[in-house]
There are 2 protein chains.
Amino acid sequence: MQDIHSDYLRFTERANAKPITLNANIEMTKKEQIKNASAKLFRKKGFTATSMQDIAEVVGVKAASLYNHIGSKQEILKDLLINIADAFTKGMSDIENSTLNAIEKLEALIDLHVDLTIKYRDSIALITGEWVHLESPELDKYKKQRNEYEEQFLSILTQCKTDGHIHPKTDIDIALYSILSSLHWLYSWHNKNKNVSRIELAKQLKVSLLRGIVV
Amino acid sequence: MQDIHSDYLRFTERANAKPITLNANIEMTKKEQIKNASAKLFRKKGFTATSMQDIAEVVGVKAASLYNHIGSKQEILKDLLINIADAFTKGMSDIENSTLNAIEKLEALIDLHVDLTIKYRDSIALITGEWVHLESPELDKYKKQRNEYEEQFLSILTQCKTDGHIHPKTDIDIALYSILSSLHWLYSWHNKNKNVSRIELAKQLKVSLLRGIVV
DNA sequence: GTATTGCACTAATACTTGTTAGTTTATGTC
DNA sequence: GACATAAACTAACAAGTATTAGTGCAATAC
């Protein structure tokens, strides 16, 4: 379990031009390589347990050389987390401003989580635990953003209830966190056994999380 | 969010007799105090980011003095994790050996998670992330125990399906991890806003996770 | 061809880490 | 009161931490 480390970013060539071309489709600057490697390591060992040497080793460079590309270890974490936090905020905003009805918005949120989980394979893992290692102004910003996201999620859930699409006896708060937990943890199991397609995964989750599995 | 640290184990008296009596009901040996403080800190900052000094400070002692009671930092983590892993294994075994039908077993599992989450407030948080810092023989033992637990959970789910209580189109694996994610993350939100009773919480979860919230 | 830049290197920094050794202090037992 | 024991303390350890400074090389720009 969780012993995933495809090392598509491990190579030894000297970085001459700024963007290295691995093949026609994959271009990565050293900074991107560092962030990628860090995400993978932070996910596997945690932020604190990951040393700059660990990161450097994966990138194929000495630890001190990393500082030619990044400001600090903390900055890497910050960049990674802000990136996905913004992706979620943007996705939520698009859904809110759409013309979908409340239930459709709920389903769109599930799609959003599935898409971002696949897109940000590694760094998305950080939102479940490693964000606590953010330092001051960013930590507060992150927490604020996260709270807003949850409130907007709750608001859509509430709308569903007032529309009569959710059973009146349902505790909306419990439902919210129950759903969010599943969605946050998606990354840890979404390709564990078999490989389900993005579409099928989202479809199944809509059933499990919304319609219920018991007949 | 998650800024929970009621410090009911912070005090300054000298430990004279082995079990310190705080009041009529709460007795704790120094070792238990250390494990309690550690669980709280590991939960808040993570295993690696928590120093022996941090723990010592909460217990009210110098870091070196901790070693009069425990063998190592790693041993603390090991003790905490084995403790809850065993509790889950025991609970699962009781349920499997019961005469309940498959759906009732599923509901009993939800009760189990709710009960253990409340009972082991802090150390239960470790099962979502900090277990990766276990070292060799225990790490393998822990992973094995966890896998077995998930397989048994899956087996009950499968029984529900063959009994015709779960819609045939439902992907059992996705349902399993979706449910397990919610249950594992319970600790992080179960008393976030309002204080719901154990009974009501379990009841609501059974609806959210099994029957579905959307009508 | 010279200047400039990008980037990796070595070496050193100032700390912090978990843990051990050795000593002192206080209590409970006979 | 003497003794054993439990458990605190101080001091020191070896190793590892993120980060900075300074150096050298190789490609690019002019």
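Sequence lines set the chain letters: A, B, ... in the order given, protein chains first and strands last, and positions in each chain run from 1.
- Relative orientation of the His113(B) and Phe88(B) rings is tilted, given thresholds of 30° and 60° on the angle between their planes.
- For the OP1/OP2 pair of dT10(C) and a distance below 4.0 Å, the side-chain nitrogens and oxygens of Lys62(A) include at least one atom meeting the criterion.
- Surrounding NZ of Lys105(A) are more than 12 heavy atoms belonging to other residues, nucleotides or ligands, all under 6.0 Å away.
- Here the C1' atom of nucleotide dT19(D) and the CD1 atom of Ile55(A) are 13 Å apart, to the nearest Å.
- Contacts of Gln145(B) classified as side chain to side chain contact (heavy atoms under 4.5 Å, CB included), with partners at least two apart in sequence or in another chain: Ala85(B), Asp86(B), Thr89(B), Lys141(B).
- Proximity of His69(A) to the phosphate of dG6(C): no side-chain N or O atom is located under 4.0 Å from OP1 or OP2.
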What does the B/S/- profile of nucleotides 18-23 of chain C look like, 5' to 3', with a 4.0 Å heavy-atom cutoff to protein?
SBB---
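- A 6.0 Å sphere centred on CD of Gln53(A) holds no more than 12 heavy atoms belonging to other residues, nucleotides or ligands.
- Atom NZ of Lys31(A) and atom C1' of dC7(C) are 15 Å apart (whole Å).
- A donor-acceptor pair under 3.5 Å links the side-chain atoms of Gln74(A) to the main chain of His133(A), judged by distance alone.
- Ser65(B) has no side-chain polar atom (N or O) that falls below the 4.0 Å cut-off from OP1 or OP2 of dA7(D).
- The distance from atom NZ of Lys30(B) to atom C1' of dA26(C) is 13 Å, rounded to the nearest whole Å.
- Using a 3.5 Å distance cut-off with no hydrogens or angles, the side chains of Ser182(B) and Ser182(A) do pair a donor with an acceptor.
- Atom NE2 in His133(A) sits roughly 15 Å away from atom C1' in dA18(D) (whole-Å rounding).
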